Peer 1: 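Here it is, the structure, as structure tokens.
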Amino acid sequence: MTPPVELHAGYATDRAGRETNEDAVHAANGLYVVADGMGGHEAGEVAAGVVVDVVSRLAGTSPTLEQVRDVLREAHAQVRALPVGGERRPGTTLSGVVVTEREGVTCWLVLNIGDSRTYRMVGGVLEQLTQDHSEVAQMVADGLIPVEDAVRHPRRNVVTRVLGGGAAEVEPDLWIFPVSVGDRIVVCSDGLSDVLSDARIQARLRQHDDPVRAAQVLVHDALAAGGQDNVTVVVVDATGVNPG
């Protein structure tokens, strides 16, 4: 199925000097997601790859919320079935959007598990759509630490919800809202958001209309700022509506 909106997308990724890139990405045919694997001994790379492979079946399908939830449950089960090669079970975050339709209206269906992020930029203003599933994000929400201290907190990388891992079940955040011409969706692993502020990301997105170039520049900036984690960025622009 060709999405009834005209979409232009691009992505960039870099292992940032690490032995492997444990990020995985799908950025085509109405599905734009990033998975950030964890677990060590290449288990994170495998977990992220498994999840993106399972979730890729949503591309071009205009799924319902329940269909997306079912696919994520299957992805969770497949990662939990992977062999444990280190001290931690393999696991992965997942964040992004899938294009769907509700009552004749083309919509973004946002999905999120973990601390990878999905943003939307409208009129040059960037807004984080997803909520990080992490200890530090919960501390900020509970008023225990100020938001400006979150990026330096020693437990900033402790994720509380993942696909795979130790929990038998996992509940994704899912919601739908209409696509508007001019929407720019940005999906990234924490290799970007841990290094660059939202203001810096917004400024770069304003400078580059081409989504491929925008993604490349953001990855470059994360590395130039000293980023040492795998970094992946997807940029998707809704530029018009296809006839019919």
Side-chain angles (χ1 to χ4, degrees), residues 3-16 23 25-36 93-99 106-112 114-132 134 137 140 146-152 156 173 175-242:
V5 293
E6 186 176 344
L7 301 176
H8 296 276
Y11 76 91
T13 187
D14 198 284
R15 60 188 177 91
D23 289 354
V25 60
H26 187 287
N29 199 21
L31 177 69
Y32 308 94
V33 294
V34 171
D36 181 358
T93 70
L94 183 71
S95 194
V97 294
V98 57
V99 177
T106 304
C107 295
W108 303 113
L109 194 163
V110 183
L111 55 99
N112 188 65
D115 65 348
S116 294
R117 291 182 177 178
T118 299
Y119 297 87
R120 178 175 66 157
M121 192 168 79
V122 180
V125 178
L126 187 70
E127 174 191 10
Q128 183 179 338
L129 297 177
T130 54
Q131 179 180 347
D132 296 349
S134 68
V140 171
V147 65
E148 57 268 20
D149 289 350
V151 295
R152 296 183 297 274
R156 65 186 179 277
D173 291 342
W175 65 99
I176 293 177
F177 63 92
V179 174
S180 296
V181 173
D183 281 353
R184 169 166 272 192
I185 298 293
V186 180
V187 189
C188 65
S189 59
D190 66 349
L192 181 76
S193 55
D194 277 356
V195 179
L196 301 185
S197 67
D198 287 2
R200 177 70 177 275
I201 296 170
Q202 176 180 275
R204 281 308 210 181
L205 291 169
R206 287 176 173 178
Q207 291 173 346
H208 298 281
D209 292 335
D210 177 63
V212 175
R213 183 59 180 157
Q216 291 171 340
V217 167
L218 286 171
V219 168
H220 174 271
D221 283 4
L223 299 176
Q228 298 179 348
D229 193 6
N230 303 152
V231 54
T232 301
V233 180
V234 177
V235 179
V236 191
D237 292 336
T239 60
V241 179
N242 291 335

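Treat the numbers as computed from the prediction; the structure is a model and nothing was measured. In this chain, numbering begins with 1 at the start of the sequence shown. Because only heavy atoms are used, hydrogens play no part in the values below, and waters and symmetry mates are left out as well, while side chains stay in.
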Peer 1: For Leu192, run the side chain to side chain contact (heavy atoms under 4.5 Å, CB included) check against Val195, Asp194, Leu196 and tell me which one passes.
Peer 2: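 Of Val195, Asp194, Leu196, side chain to side chain contact (heavy atoms under 4.5 Å, CB included) with Leu192 is met by Leu196 alone.
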
Peer 1: Please report the shortest heavy-atom distance between Gly10 and Pro211, naming the atom on each side.
Peer 2: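 It is N-CB, 3.9 Å.
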
Peer 1: Given side chains that start at C-beta, do those of Leu111 and Leu94 come closer than 4.5 Å, heavy atoms only?
Peer 2: yes

Peer 1: State the CD-CG distance between Glu6 and Asp237, to the nearest 0.5 angstrom.
Peer 2: 10.5 Å

Peer 1: Looking only at atom types and distance, does a side-chain atom of Thr93 sit under 3.5 Å from a main-chain N or O of Asp36, one as donor and one as acceptor?
Peer 2: yes

Peer 1: Looking at every heavy atom in both Ala222 and Val231, which two are closest together, and how far apart are they?
Peer 2: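 That closest heavy-atom pairing would be CB-CG2, 4.1 Å.
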
Peer 1: Rounded to the nearest 0.5 Å, what's the gap from CG on Asp209 to NE2 on His8? Could you check?
Peer 2: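 One gets 12.0 Å once the value is rounded to the nearest 0.5 Å.
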
Peer 1: Is the shortest side-chain heavy-atom distance between Asn112 and Gln131 below 4.5 Å?
Peer 2: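 Not in contact.
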
Peer 1: Taking all atoms of both residues into account, what is the closest heavy-atom pair of Ser116 and Asp190, and its distance?
Peer 2: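 Reported closest heavy-atom pair: OG-N, 4.4 Å.
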
Peer 1: Val181 and Gly240: which non-hydrogen atoms are nearest, and at how many Å?
Peer 2: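 Looking at all heavy atoms of both residues, the closest pair is CG2-CA, 4.0 Å.
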
Peer 1: What's the shortest heavy-atom distance between Arg117 and Asp132, and which atoms?
Peer 2: NH2-OD2, 2.7 Å

Peer 1: Take Arg120 and Val122 through the side-chain contact (heavy atoms from CB on, under 4.5 Å) test and state the conclusion after the steps.
Peer 2: CA-CA 7 Å; Arg120 178 175 66 157; Val122 180; 3.7 Å; yes

Peer 1: Stepwise, does the side-chain contact (heavy atoms from CB on, under 4.5 Å) test hold for Thr13 with Val25?
Peer 2: CA-CA 9 Å; Thr13 187; Val25 60; 5.6 Å; no

Peer 1: Kindly write out the residues that satisfy salt bridge (charged side-chain N to carboxylate O under 4.0 Å, His left out) with Asp14, not counting sequence neighbours, or none if the list is empty.
Peer 2: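 So Asp14 forms no salt bridge (charged side-chain N to carboxylate O under 4.0 Å, His left out) with any residue.
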
Peer 1: Quick one: list whatever passes salt bridge (charged side-chain N to carboxylate O under 4.0 Å, His left out) with Arg200, sequence neighbours left out.
Peer 2: Asp221

Peer 1: Quick one: do Ile176 and Trp108 satisfy side-chain contact (heavy atoms from CB on, under 4.5 Å)? Show the steps, please.
Peer 2: CA-CA 6 Å; Ile176 293 177; Trp108 303 113; over 6 Å; no

Peer 1: Hey, what do you get for CZ (Arg206) to CE (Met121), rounding to the nearest 0.5 Å?
Peer 2: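 Between Arg206 CZ and Met121 CE, I get 7.0 Å after rounding to 0.5 Å.
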
Peer 1: Under a plain distance cut-off of 3.5 Å, with no hydrogens placed, do Ser95 and Thr118 share a side-chain donor-acceptor pair?
Peer 2: yes

Peer 1: From Asp198 CG over to Tyr119 OH, what is the distance, rounded to the nearest 0.5 angstrom?
Peer 2: 3.5 Å

Peer 1: Give me the atom names and distance for the closest heavy-atom approach of Tyr32 to Asn29.
Peer 2: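 Nearest heavy atoms, Tyr32 then Asn29: OH-N, 4.0 Å.
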
Peer 1: Give the intermediate values and the outcome of side-chain contact (heavy atoms from CB on, under 4.5 Å) for residues Val110 and Phe177.
Peer 2: CA-CA 8 Å; Val110 183; Phe177 63 92; 3.6 Å; yes

Peer 1: I need the Leu218 CG to Leu223 CG distance, nearest 0.5 Å.
Peer 2: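 Leu218 atom CG to Leu223 atom CG measures 11.0 Å (nearest 0.5 Å).
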
Peer 1: Can you confirm whether the side chains of Thr232 and Asp23 place a donor and an acceptor under 3.5 Å from each other?
Peer 2: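 A pair is found: one side chain offers a donor N or O, the other an acceptor, under 3.5 Å apart.
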
Peer 1: Do other residues, nucleotides or ligands put more than 12 heavy atoms under 6.0 Å from Gln228 CD?
Peer 2: no

Peer 1: How long is the span from the CZ atom in Arg213 to the CD atom in Gln207, to the nearest 0.5 Å?
Peer 2: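 Output value for this atom pair is 10.5 Å.
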
Peer 1: May I ask you to decide if Ala16's main-chain N or O and Asp229's side chain share a donor-acceptor pair within less than 3.5 Å?
Peer 2: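 A pair under 3.5 Å: no.
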
